[in-house]
Student: 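The following block contains the structure, expressed as structure tokens.
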Protein chains: 2
Amino acid sequence: MFSQACKYAIRAVLYLAVHASKGKKLGVKEIAAALDVPKYFLAKILQQLSRNNLISSAKGPSGGFYLSEKNVEASLKDVVECMDGPDVFNACILGLPVCSSENPCPLHIQAFAYREGLHYQLKHQAIGDLAKRIEREEQKI
Amino acid sequence: MFSQACKYAIRAVLYLAVHASKGKKLGVKEIAAALDVPKYFLAKILQQLSRNNLISSAKGPSGGFYLSEKNVEASLKDVVECMDGPDVFNACILGLPVCSSENPCPLHIQAFAYREGLHYQLKHQAIGDLAKRIEREEQKI
DNA sequence: AGATAAAAGGACTTTTTTATCCTTTATACA
DNA sequence: TGTATAAAGGATAAAAAAGTCCTTTTATCT
């Protein structure tokens, strides 16, 4: 479903949402260690998220990554599309160039409901709200 | 979700279910042309499916691929697991090593329905039945 | 101003996936 | 029995994804 980079991105964003803030930035090293993820690869991913204004960063001593108030309002759908492109939730499950409700591939019906469901959920939940649930339920990231 | 090889495999199997039979075998070349898929790559995929008894084949003149009566009773879940391994429908969407209903990742609830629903549908529908529907509704493969 | 810390960016390597080609084996049929 | 046909199998090539390293830029603090 998601590329490795996208998985790391989602986890990093959620980790930042829970553990960082403008006053408490986190460096790549810390995040990579906490998530048990390759450090340099994660650095690239955070760069990309930062360039696309999905996370915030500061250089220099006491610098690092965090989520601004604006960032917290975005959704994981934005993160996913930033990493894996805009078609993740629309592409045909069999890779057919044309596949829609009018012109469905043999698995369209089976795949549509579920994919669309995930899409909807990721789209309509703010990262900040998700983070609150994660804290409340003490979920691992 | 599925690897390219897996997508080709699903399409090839359905194509055989609709267009081939023991009395009317199809060669790689024909199938590849019909599906607009790389020929040699498809050959490898058909080999693998054949080795795992998900499709049938015959060498020599008037040889080719087809589905036996047994093959037709299998499900696309078998095809998918043959190509992408047994964990496709169980693996955590974020790649976490432990992720279950008891110990859910932050996206477990959202993803579970999606994956499990597709899994169920692919598992409980025989390839032969799917093929009938494809013919009836004149769907593209 | 100088030293240090951390992200940004570019270049590169490794691994995996996708795709191609060539040789061998099996079989049908004249 | 020889020839042609088609899958099976092995080896390799090309492309994409994952992962690493090095240099530059920006900021902080003394």
Side-chain angles (χ1 to χ4, degrees), chain A residues 1-12 16 20 22-33 35-68 71 80 82-85 87-88 94-95, chain B residues 1-12 16 20 22-33 35-68 71 82-85 87-88 91 94-95:
Chain A
M1 178 92 232
F2 300 141
S3 69
Q4 194 60 57
C6 185
K7 293 176 194 172
Y8 292 160
I10 293 172
R11 294 175 61 203
L16 287 174
K22 187 158 190 180
K24 195 196 171 201
K25 294 159 194 147
L26 297 180
V28 188
K29 231 190 303 180
E30 297 169 76
I31 307 170
L35 301 181
D36 191 24
V37 146
K39 183 170 56 171
Y40 296 115
F41 191 32
L42 182 62
K44 287 294 170 207
I45 292 165
L46 294 174
Q47 264 176 48
Q48 186 172 341
L49 291 170
S50 180
R51 268 198 303 268
N52 287 275
N53 302 308
L54 289 167
I55 67 177
S56 303
S57 71
K59 289 185 178 183
S62 82
F65 297 93
Y66 65 100
L67 300 194
S68 68
N71 295 150
V80 168
C82 175
M83 301 306 301
D84 285 354
D87 292 335
V88 210
L94 293 183
Chain B
M1 177 92 235
F2 300 143
S3 70
Q4 194 61 56
C6 185
K7 293 177 194 171
Y8 293 161
I10 293 172
R11 294 175 62 202
L16 287 174
K22 188 158 191 178
K24 195 197 172 201
K25 293 158 195 147
L26 297 180
V28 188
K29 232 192 303 180
E30 298 168 75
I31 306 170
L35 301 181
D36 190 24
V37 147
K39 183 170 55 172
Y40 296 115
F41 191 32
L42 182 62
K44 287 294 169 204
I45 292 164
L46 293 174
Q47 265 175 47
Q48 186 172 341
L49 291 170
S50 181
R51 268 198 303 269
N52 287 275
N53 302 308
L54 289 166
I55 67 177
S56 303
S57 71
K59 288 184 176 183
S62 83
F65 296 92
Y66 64 101
L67 300 195
S68 69
N71 294 151
C82 175
M83 300 307 300
D84 285 353
D87 292 336
V88 210
L94 293 184

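Proteins come first, then strands; the chains are lettered A, B, ... in the order of their sequence lines, and each starts at number 1. Everything quoted here is computed from the prediction, not taken from an experiment.
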Student: If you take any heavy atom closer than 4.0 Å to DNA chain D, which residues from residues 38-49 of chain B end up in contact?
Tutor: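 Nucleic-acid contacts, sorted: B:Lys44, B:Gln47.
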Student: Would a 4.5 Å heavy-atom cut-off, applied to side chains only, mark B:Val37 and B:Ile45 as touching?
Tutor: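 A side-chain contact is absent here, since even the closest heavy-atom pair is not under 4.5 Å.
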Student: Could you work out, with side-chain contact (heavy atoms from CB on, under 4.5 Å) as the rule, every residue matching B:Lys39, not counting sequence neighbours?
Tutor: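 B:Lys39 satisfies side-chain contact (heavy atoms from CB on, under 4.5 Å) with B:Val28, B:Lys29, B:Ala32 once adjacent residues are dropped.
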Student: Check A:Leu54 against A:Leu67 and note the closest heavy-atom contact, atom names and distance.
Tutor: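 Minimum heavy-atom contact is O-CD2, 3.9 Å.
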Student: With a cut-off of under 6.0 Å to the ring centre and 45° to the axis, is A:Lys22 in cation-pi contact with A:Tyr66?
Tutor: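 No, A:Lys22 does not lie over the aromatic ring of A:Tyr66.
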Student: Can you list the residues that meet the side-chain contact (heavy atoms from CB on, under 4.5 Å) rule with A:Asp84, with sequence neighbours excluded?
Tutor: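 Here the qualifying residues are A:Phe2, A:Ser3, A:Cys6, A:Val88.
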Student: Show the nearest heavy-atom pair for residues A:Ile31 and A:Leu42, with the distance to one decimal.
Tutor: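 Shortest heavy-atom separation between A:Ile31 and A:Leu42 comes out as CG2-CD2, 3.8 Å.
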Student: Quick one: list whatever passes side-chain contact (heavy atoms from CB on, under 4.5 Å) with B:Gln48, sequence neighbours left out.
Tutor: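 Counting only residues at least two positions away or on another chain, B:Gln48 forms a side-chain contact (heavy atoms from CB on, under 4.5 Å) with B:Arg51, B:Asn52, B:Cys82, B:Met83.
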Student: Going 5' to 3' on DNA chain D, which nucleotide is the first and which the last to come under 4.0 Å of a heavy atom in chain B?
Tutor: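 The contacted stretch runs from D:dA4 to D:dA11.
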Student: Which residues in residues 51-67 of chain A have at least one heavy atom lying under 4.0 Å from any atom of DNA chain D?
Tutor: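 The answer is A:Lys59, A:Gly60, A:Pro61.
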Student: Quick check: closest heavy atoms across A:Lys25 and A:Ser62, and the distance to 0.1 Å?
Tutor: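 Residues A:Lys25 and A:Ser62, closest heavy atoms: CD-O, 3.8 Å.
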Student: Among all residues two or more places apart in sequence or in another chain, which pass the side chain to side chain donor-acceptor pair (under 3.5 Å) test with A:Ser68?
Tutor: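 Side chain to side chain donor-acceptor pair (under 3.5 Å) list for A:Ser68, sorted by chain: A:Asn71.
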Student: Residues in side-chain contact (heavy atoms from CB on, under 4.5 Å) with B:Pro38, at least two apart?
Tutor: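 side-chain contact (heavy atoms from CB on, under 4.5 Å) list for B:Pro38, sorted by chain: B:Tyr8, B:Phe41.
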